[in-house]
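I have placed the structure first, in the form of structure tokens, so that the comments after it can refer back to it.
Indexing begins at 1, ligand by ligand and atom by atom, following the structure's order. These figures come from a predicted structure and were not determined experimentally.
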Amino acid sequence: MPRFADSLNEQIVNEFSASQQYIAIAVHYDAQTLPQLAAHFYRQAVEERNHALIIVQYLLDANEEAVVPAVEAPQTEFADVVAPVALALDQEKRVTEQIVELVKLAREEGDLVGEQFLHWFLTEQREEVASMSDLLQVVERGRANLLLVEEYMARAQVGDQGGPDAAMPPVAGGAL
Ligand SMILES: [Fe+2]
Ligand SMILES: [Fe+2]
């Protein structure tokens, strides 16, 4: 198996781990009856799950082995209300670096089809880092009264609203 396919399989782990972490954050907010924050992270979890299965579909199409992995337990306890969003922003920045490394690897191997496949992920990461930065600012500003954050989120479109876009590559089993 070429190294690029191995690295894509590692990225499947990263995307499913991100999904699991977002579910943990969603449940954390849900338990505190913060439905807007919870909904945001439930949505993000579905997106990350789609990302994992986009890579699975690519590997299936390329006749490479696609491994459905175990993931490590996510963080479920947080110091304060801002901490989960800060963690999420760190996670998105880390994933951006991982995608950049994958692009470099595809380029190194002269795999232009693989590189082109990853371009959508680069765009997606730019959006996700930007929208999570926005959400962090909102939560930091409203940390003393999270009901203001909730009300703001209900009115304004804060952060990534989710949903498949037209340029999204095919998702194994279909996008959720
Ligand atoms: Fe992702
Ligand atoms: Fe993401």
Quiz item: Using a distance-only test with no angle check, is there a side-chain donor-acceptor pair under 3.5 angstrom linking Gln44 and Glu48?
Solution: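 Their side chains do not contain a donor-acceptor pair, so the 3.5 Å distance test is not met.
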Under the rule for side-chain contact (heavy atoms from CB on, under 4.5 Å), what residues qualify as partners of [X], not counting sequence neighbours?
| X | result |
| --- | --- |
| Glu72 | none |
| Val27 | Ile23, Tyr42 |
| Ala83 | Phe78, Asp80 |

Practice problem: Go through the steps for Met168 and Asn50 under the test side-chain contact (heavy atoms from CB on, under 4.5 Å), then give the verdict. | Solution: CA-CA 10 Å; Met168 189 180 187; Asn50 284 340; 3.7 Å; yes
Quiz item: In the protein, how many N/O/S atoms are under 2.8 Å from the Fe ion (ligand 1)?
Solution: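 My tally for this metal is 3.
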Exercise. Say whether, by atom type as modelled, one donor and one acceptor occur between the side chain of Asp30 and the main chain of Ala38 under 3.5 angstrom.
Key: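 No, because the side chain of Asp30 does not come within donor-acceptor range (under 3.5 Å) of the backbone of Ala38.
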